[in-house]
Amino acid sequence: QVQLVESGGGSVQAGGSLRLSCQASRYRGGGICMGWSRQVPGKEREGVASIYFFTAHTGDTIVQYADSVKGRFTISADNAKNMVYLQMDSLRPDDSAMYYCVTGPRGPCRPTVEWTQWGQGTQVTVSS
């Protein structure tokens, strides 16, 4: 079981930026899929972004995004530190949600996959 701890949430005005961080207890190696998902109370969870690591050494990855965040959000990772990041730019009020770092996909690595391991979440609030 991988432990996931998110940080970096907060309140920002529309058009602003936030950077979320996720510390994973371990994921060194290749063939790892991680991501970010978000949820608003009363609504379904939405997969936001995913990152697949081919190997631990070259840093080769495949990243994918939900259409709702494409061009505004960037997922990245620092393999040496077991960290995954989500840079969120041009934030909108409808980006407000609890954001979760996720891993353990049941299926191909992509934002909409069913994730089995979740962090505790970090709240993002965007005001207009």
Inset, instruction - Quick one: pull up SG in Cys101 and CD1 in Ile75 and give me the separation to the nearest 0.5 Å. - result: 8.0 Å

Legend entry - Student check: side-chain heavy atoms of Pro111 and Val48 closer than 4.5 Å: no

Legend entry - Minimum heavy-atom distance between Trp36 and Glu6, given as atom pair plus value: CZ3-CG, 3.8 Å

Inset, instruction - Work out which heavy atom in Tyr100 is nearest to a heavy atom in Gly119; give both atom names and the distance. - result: CD2-O, 3.5 Å

Legend entry - Side-chain heavy-atom pair Met83, Ser21 within 4.5 angstrom cut-off: yes

Legend entry - Side chains of Ser50 and Trp115 in contact at under 4.5 Å (non-hydrogen atoms): yes

Inset, instruction - Say whether Glu46 and Ser68, considering side chains only, have a donor N or O and an acceptor N or O under 3.5 Å apart. - result: yes

Legend entry - Where Gly10 and Leu18 come nearest, the two heavy atoms and their spacing: O-CD1, 3.9 Å

Inset, instruction - Compute both the distance and the angle, then confirm whether Arg19 meets the cation-pi test with Tyr85: under 6.0 Å from the six-membered ring centre, within 45 degrees of the axis. - result: yes

Legend entry - Ile51 and Ile62, any side-chain heavy atoms less than 4.5 Å apart: no

Legend entry - Any donor-acceptor N/O pair, Thr103 side chain to Met34 backbone, under 3.5 Å: no

Inset, instruction - State, yes or no, whether a side-chain contact exists between Asp95 and Met88 at a heavy-atom distance under 4.5 Å. - result: no

Legend entry - Closest non-hydrogen atom pair between Leu86 and Ala49, with its separation: CD1-CB, 4.2 Å

Inset, instruction - Please work out which of the three classes, parallel, tilted or perpendicular, describes the rings of Phe73 and Tyr99, given edges at 30° and 60°. - result: tilted

Inset, instruction - Give a yes or no on whether Arg72 atom CZ has more than 12 heavy-atom contacts from other residues, nucleotides or ligands under 6.0 Å away. - result: yes

Legend entry - Student check: side-chain heavy atoms of Asp89 and Leu91 closer than 4.5 Å: no

Inset, instruction - Give the minimum heavy-atom separation between Thr116 and Gly104, together with the two atoms involved. - result: OG1-O, 2.7 Å

Legend entry - Check: Thr125 side chain, Ser11 main-chain N or O, donor-acceptor pair, under 3.5 Å: no

Inset, instruction - Kindly indicate whether the side chain of Val5, heavy atoms from C-beta on, has any atom under 4.5 Å from the side chain of Gln120. - result: yes

Inset, instruction - Please examine the side chains of Asn82 and Gln23, heavy atoms only from C-beta on, and report whether any two atoms are closer than 4.5 Å. - result: yes

Legend entry - From CD (Glu114) to OG (Ser37), nearest 0.5 Å: 11.0 Å

Legend entry - Under 3.5 Å: donor-acceptor pair, side chain of Ser96, backbone of Val126: yes

Legend entry - Least distance between heavy atoms, Val40 atom then Ala97 atom: CG2-CB, 3.7 Å

Legend entry - Phe53 with Leu4, same ILVMFWY side-chain cluster at under 4.5 Å: yes

Legend entry - Other residues, nucleotides, ligands: >12 heavy atoms within 6.0 Å of Lys43 NZ: no

Inset, instruction - Establish whether Val63 and Val69 are linked, either directly or via other cluster members, by ILVMFWY side-chain heavy-atom contacts under 4.5 Å. - result: yes

Inset, instruction - Please confirm whether Arg45 makes a cation-pi placement over Trp118, using NZ or CZ under 6.0 Å from the six-membered ring centre and within 45° of the ring normal. - result: yes

